[in-house]
Amino acid sequence: MKIGIIISNTDPELVWNALRFANTALLDEHQVEIFLLGQGVEIESIRSEKFNVQEQLNKYNELKGHLLACGTCISSRQMKFDICPISTMKDMLRIVTESDKLLTF
C-alpha cells in the first residue's frame, strides 16, 4: 500500500507519533512518503526529552522512507534546509493523488 503523510506541525508528541507510524509502515513493507508543510519544515529543530523526534527521523531515513519539504515554507522562514529535497505543491498533489491512504498530522 502507498501511504502519504503530511506533517504541518511541530508538536513533539504529534510528530513523534507520525514518524513512529511511518516507520512501522515501512517495516511492514508499505511505501511511505512524507511531505513537510508549514511548521512541519521545522522538524529538525523539534526537541523533547520525552518524545525523541530526531531518533524517529533518523530511523525513517535508515529505512529509506521518502521525505519532501515545501520550498515556499522553507523560504518564508529563511531557513537552511538539507535533510531532504525542496519540493512544491505539485509534489504534494502527486502524493495525495497517488496514495492509497493519506494521513495529516
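Each residue takes its place number in the sequence, starting with 1.
Residue Ile46 holds its CD1 atom at 12.0 Å from CZ of Phe51, rounded to the nearest 0.5 Å. Leu67 CG to Ile34 CD1: the interatomic distance, rounded to the nearest 0.5 Å, is 6.0 Å. We find the NE2-CG distance between His66 and Asn61 to be 11.0 Å, quoted to the nearest 0.5 Å. To the nearest 0.5 Å, the span separating CG on Asn52 from CH2 on Trp16 amounts to 9.5 Å. The structure places OG1 of Thr104 at 13.5 Å from CZ of Phe35, a figure rounded to the nearest 0.5 Å. Rounding to the nearest 0.5 angstrom, the gap separating the CD1 atom in Ile3 from the CD atom in Glu33 is 11.5 Å.
Pairing each heavy atom of Val41 with each of Leu36, the nearest pair is CG1-O, 3.7 Å. For Cys70 against Cys73, the heavy-atom pair with the smallest separation is SG-SG, 2.9 Å. Shown here for Ile7 and Ala18, the closest heavy-atom pair between the two residues is CD1-CB, 3.9 Å. Minimum interatomic distance between Leu57 and Leu19 (heavy atoms only, all atoms of both residues): N-CD1, 3.9 Å. Annotation for Gly65 and Leu26: closest pair CA-CD1, 3.7 Å, computed over non-hydrogen atoms.
Residues Leu103 and Ile6 do not share a hydrophobic cluster, defined by chaining ILVMFWY side chains whose heavy atoms lie under 4.5 Å apart. Met79 is connected to Val15 through a chain of hydrophobic side-chain contacts under 4.5 Å among Ile, Leu, Val, Met, Phe, Trp and Tyr, so both are in one cluster.
For the pair Leu63/Leu27, a side-chain contact is recorded, criterion being any heavy-atom separation below 4.5 Å from C-beta on. Taking the side chain as every heavy atom from C-beta outward, Arg47 and Gln54 approach each other to under 4.5 Å. A 4.5 Å side-chain heavy-atom check between Glu42 and Ile74 finds every atom pair outside the cut-off. Contact check for Gln31 versus Met1: no side-chain heavy atoms found under the 4.5 Å cut-off. Side-chain contact between Leu68 and Ile95 is present, with heavy atoms from C-beta onward closer than 4.5 Å. Here the side chains of Met92 and Leu37 are in contact, with some heavy-atom distance below 4.5 Å.
Although no hydrogens or angles enter the test, the distance criterion places no donor-acceptor pair under 3.5 Å between the side chain of Asp28 and the main chain of His30. Here the side chain of Asp91 pairs a donor or acceptor atom with the backbone of Thr88 at under 3.5 angstrom. Judged by distance alone, with hydrogens and angles left aside, the side-chain atoms of Tyr60 form no donor-acceptor pair with the main-chain N or O of Arg20 at under 3.5 Å. Side-chain N or O atoms of Ser99 include none that pairs as donor or acceptor with a backbone N or O of Val96 at under 3.5 Å.
Lys50 has no carboxylate O lying under 4.0 Å from a charged side-chain N of Glu13, or vice versa, which leaves the two without a salt bridge.
When each of Gln56, Glu62, Lys59 is paired with Asn23, the side-chain hydrogen bond (donor to acceptor under 3.5 Å, both in side chains) condition holds for Gln56 and for no other.
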Check the pair Phe105 / Ile5 against side-chain contact (heavy atoms from CB on, under 4.5 Å), numbers first and verdict last. CA-CA 8 Å; Phe105 292 88; Ile5 299 175; 3.7 Å; yes

Apply side-chain contact (heavy atoms from CB on, under 4.5 Å) to the pair Lys2 and Glu98, showing each step before the final yes or no. CA-CA 7 Å; Lys2 287 184 175 182; Glu98 291 181 2; 4.1 Å; yes

